[in-house]
Amino acid sequence: MSEAPASTPSAQPAKKSMDAIMALCKRRGFIYQTSEIYGGINGFWDYGPLGAQLKKNLRDAWWQDMILNPCWGRKGPNGNRVRCVPLETCIIQHPKVWEASGHVGGFNDPMVDCKESKGRYRYDHVQVFVPESGDAGDKPVFAYVGDQPSEAKQRKKAEKTFGAIKSVTLSSIPQPWARVIGPDAEKPGTLTEPRMFNLMFDTIPGAIRDEANKAYLRPETAQGVFVNFKNVVDTTRVKLPFGIGNTGRSFRNEVTPRNFTFRSREFEQAELEFFCHPDESVEWYKFWRDFRMDWWKAIGLAGENLILREHDKDELSHYSQGTSDVEYRFPFTAPGYGELEGIAHRGNYDLTQHENTSRTKLKYFDAERGELLPNGSRKGEWYIPHCIEPAAGLDRGALALICEGYTRDESRPSPEFLKLHPRVAPIKAAVFPLVAKDGMPEVGEKLYDELFAKFGRMGFIEFDEKQSIGKRYARMDEAGCPFCFTVDGDTLTNQTVTVRDRDSGQQERIGIDKVSGFLSEKLG
RNA sequence: GCGGGUGUAGCUCAGUGGUAGAGCGUCAGCCUUCCAAGCUGAAUGUCGAGGGUUCAAAUCCCUUCGCCCGCUCCA
């Protein structure tokens with residue numbers, strides 16, 4: 001999450017109510033709490049009929065624009081069409097995968113809590129001021145964490161107590177608990193012993209329960225790509241540069257799941273690992289970063305709620321030459337932003353790690369590089385490709401689409417509606433007879449059959465003749481259906497219907513034979 | 001994990017120890033020629049869960065779970 005840039009204009013739209021959005025999601029069947037009839041379980045959510053279709057449409061859009069027709073046919077920085085292939089890998093991988101990736105270490109950080117300040121600190125981040133020489137004896141020692149006000153404060157106190165001091169890690173002191181003053185505390189003995197917070201879920205494959213066989217549910221889909229890199233190269237005739245895309249569920253045992261589906265313990269990712277020569281990697285990084293921003297805009301997040309945030313140098317991993325986040329201003333992060341997708345230049349870190357850990361050669365032989373030989377071919381070059389990783393959260397994307405689309409306009413007869421982009425809207429169109437008599441239902445059903453046959457594979461097409469026309473429009477507005485076609489008295493004489501635009505409420509009249517063409521154009 | 005708030009129908013919420021409620025939504029019928037209209041009717045709840053106090057608990061007490069806010073965490 002990041003703060004709003006100082007330059008953001010004050011023209012901030014009225015803050016949307018997250019409660020109202022969550023109520024609508026429940027009411028219209030977008031998102032439910034999982035196992036709700038048993039009281040729910042923290043950090044897990046189910047998608048209702050409309051939500052499931054919305055998320056599928058989002059996933060399909062990603063698949064279409066990242067794998068089947070990457071970047072809408074845009075040429076990459078090398079002047080060629082971008083090439084990508086899909087992959088589908090397991091949630092449970094060999095445990096060594098997560099050792100190589102660093103997750104087993106990084107995800108199992110011991111933490112200490114402070115009973116006085118209520119703070120929690122990473123055990124290995126806590127430093128302690130002790131006398132420069134000798135023992136502190138019965139006197140308390142002063143803990144602090146770097147880059148925080150606690151350091152200066154504790155230093156002053158420690159110098160007053162001991163005179164000359166030095167700094168050591170908390171973990172280097174045996175049994176310190178009774179005499180340590182926490183970073184933000186006044187009294188000694190308030191820190192708890194370190195406790196493990198397992199951020200990876202584990203399980204034990206095999207019928208016989210044996211801890212030695214422990215395996216993890218993946219915390220990201222990316223590693224499945226890296227460990228299959230050699231397989232894809234060996235079996236599919238791909239040539240660098242190319243990408244491997246992968247969507248699927250990942251699991252993180254978040255300390256505090258929060259903010260509706262934004263931070264869930266089970267979530268779905270859509271990740272592309274794009275491999276290229278090190279010399280071209282920065283260009284590709286910029287290319288993907290810009291395309292991913294354009295993509296989110298194109299499916300409905302246009303506007304100032306969406307920003308691209310380039311990480312500062314000191315935020316970057318040691319192997320990265322650049323990372324950007326596509327961030328959206330959710331109602332619960334405003335005026336700050338929450339991450340939708342990270343685009344990371346990962347260097348050759350992952351492949352190198354797996355090469356070292358698995359002792360399998362993951363270098364790539366690039367036959368189009370190296371010196372020119374007399375016969376016209378090239379000598380070739382061995383290298384570990386660099387990787388650019390655009391990694392999107394589909395649940396966060398779906399939530400952003402809902403938040404962005406949620407609109408409240410008191411001047412409308414149906415004040416709440418969802419402005420979903422037609423491409424992702426779960427209901428694509430609805431057909432209504434104005435009244436259920438005079439032959440209108442029959443004409444409407446015929447039109448419905450036609451639209452269902454042509455567009456039913458993209459999403460739901462609705463037909464409804466019950467109740468007043470206003471109520472039917474209102475229902476479609478809340479469900480985010482972009483277009484309603486209404487058969488009225490005039491239809492029976494001149495073969496035209498009205499098409500109502502969800503966002504403006506305006507209607508225009510088009511020939512009943514033009515409806516399919518109209519929808520084709522609008523749905524893309 | 002800590003602190004605060006909260007939990008009653010699908011949604012929003014009334015209900016401070018004595019028969020479980022309203023509005024909206026949903027469904028059905030009537031009506032209706034363009035925006036949640038009207039009329040009639042219907043369905044829907046172990047009052048988050050478990051335990052306790054009481055003749056009697058949605059209401060008081062304890063435990064627990066979920067959600068919201070603030071810390072913390074976010075490789």
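Taking atom C1' on both nucleotides, B/U19 is separated from B/A56 by 12 Å, rounded to a whole Å. Comparing the P positions of B/C62 and B/U6 gives an interatomic distance of 15 Å, to the nearest angstrom. Using C1' as the reference atom, B/A58 and B/G21 are 12 Å apart when rounded to the nearest Å.
For A/T498 against B/C34, a side-chain N or O and a base N or O form a donor-acceptor pair under 3.5 Å. Residue A/R500 places a side-chain atom within donor-acceptor reach of the base of B/C35, judged by atom type and a 3.5 Å distance cut-off alone.
Between A/K26 and the phosphate of B/G10, there is no side-chain N or O to OP1/OP2 separation shorter than 4.0 Å. Taking 4.0 angstrom as the limit, A/N259 places none of its side-chain polar atoms (N or O) nearer than this to OP1 or OP2 of B/C68. For the OP1/OP2 pair of B/G25 and a distance below 4.0 Å, the side-chain nitrogens and oxygens of A/Q467 include no atom meeting the criterion. Phosphate contact (OP1/OP2 of B/G29, side-chain N/O of A/K466, threshold under 4.0 Å): present. OP1 or OP2 of B/U32 sits under 4.0 Å from a side-chain N or O of A/K437. An OP1 or OP2 oxygen of B/C34 is reached within less than 4.0 angstrom by no side-chain nitrogen or oxygen of A/T486.
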Take A/Q269 and A/R218 through the test side chain to side chain donor-acceptor pair (under 3.5 Å) and record every step on the way to the result.
CA-CA 11 Å; A/Q269 295 181 297; A/R218 66 181 171 198; over 6 Å; no
Go through A/E404 and A/N305 one step at a time and tell me if the side chain to side chain donor-acceptor pair (under 3.5 Å) criterion holds.
CA-CA 8 Å; A/E404 180 73 11; A/N305 285 332; 3.1 Å; yes
Just do the ring-ring contact (aromatic ring centres under 6.0 Å, His included) check on A/Y32 and A/W45 with the steps written out, would you?
CA-CA 6 Å; A/Y32 310 127; A/W45 300 89; over 10 Å; no
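Closest contact between the side chain of A/F332 and the listed nucleotides B/C68, B/C69, B/G66 involves B/C69. Comparing B/C34, B/A36, B/C11 by their closest approach to the side chain of A/A23 singles out B/C11. Checked against B/U26, B/C34, B/U32, the side chain of A/L434 finds its nearest nucleotide in B/C34. Of the candidate nucleotides B/C11, B/C67, B/C27, B/C27 has the atom lying nearest to any side-chain atom of A/R475. Taking every side-chain heavy atom of A/R509 into account, B/C34 is the closest of B/A28, B/C34, B/G66. Candidate nucleotides B/G66, B/C73, B/C34 were compared by shortest atom distance to the side chain of A/R263, and B/C73 ranks first. With distances taken from any side-chain atom of A/D438 to the nucleotides B/U33, B/A28, B/C67, the minimum falls on B/U33. Side-chain proximity of A/A474 to B/C34, B/C35, B/A36: nearest is B/A36. Distance from the side chain of A/S468 is smallest for B/A37 among the nucleotides B/A37, B/C69, B/G29.
Residue A/N253 contributes atom CG, which lies 11 Å from atom P of B/G1 at whole-angstrom precision.
In the displayed structure, A/K522 atom NZ is contacted under 6.0 Å by at most 12 heavy atoms of other residues, nucleotides or ligands.
Residue A/G43 is in sugar-phosphate contact alone, with no base atom involved, counting any heavy-atom pair closer than 4.0 Å across all strands shown. No contact: A/R502 has no heavy atom under 4.0 Å from any strand. A/E36 comes within 4.0 angstrom of nothing in the nucleic acid, heavy atoms only. The residue A/F432 sits apart from the nucleic acid: no heavy atom pair falls under 4.0 Å. Residue A/M18 is classed as having no contact, given no heavy-atom separation below 4.0 Å to the nucleic acid. At a threshold of 4.0 angstrom between heavy atoms, the contacts of A/N42 are confined to the sugar-phosphate backbone, with no base atom among them.
Across all strands shown, the partner of B/C71 is B/G1, judged by Watson-Crick or G-U wobble contacts whose two distances both fall under 3.5 Å. Under the Watson-Crick or G-U wobble criterion, with both distances below 3.5 Å, B/A43 has no partner in any strand shown. When both pairing distances are held under 3.5 Å, B/G25 makes no Watson-Crick or G-U pair with any nucleotide shown.
The minimum heavy-atom distance between A/G43 and A/P257, with the atom names listed, is CA-CB, 3.5 Å.
Counting only heavy atoms from C-beta outward, the side chains of A/R27 and A/E478 approach each other to under 4.5 Å.
The side-chain tip of A/R396 does not point at the ring of A/Y328 from less than 6.0 angstrom away and within 45° of straight on.
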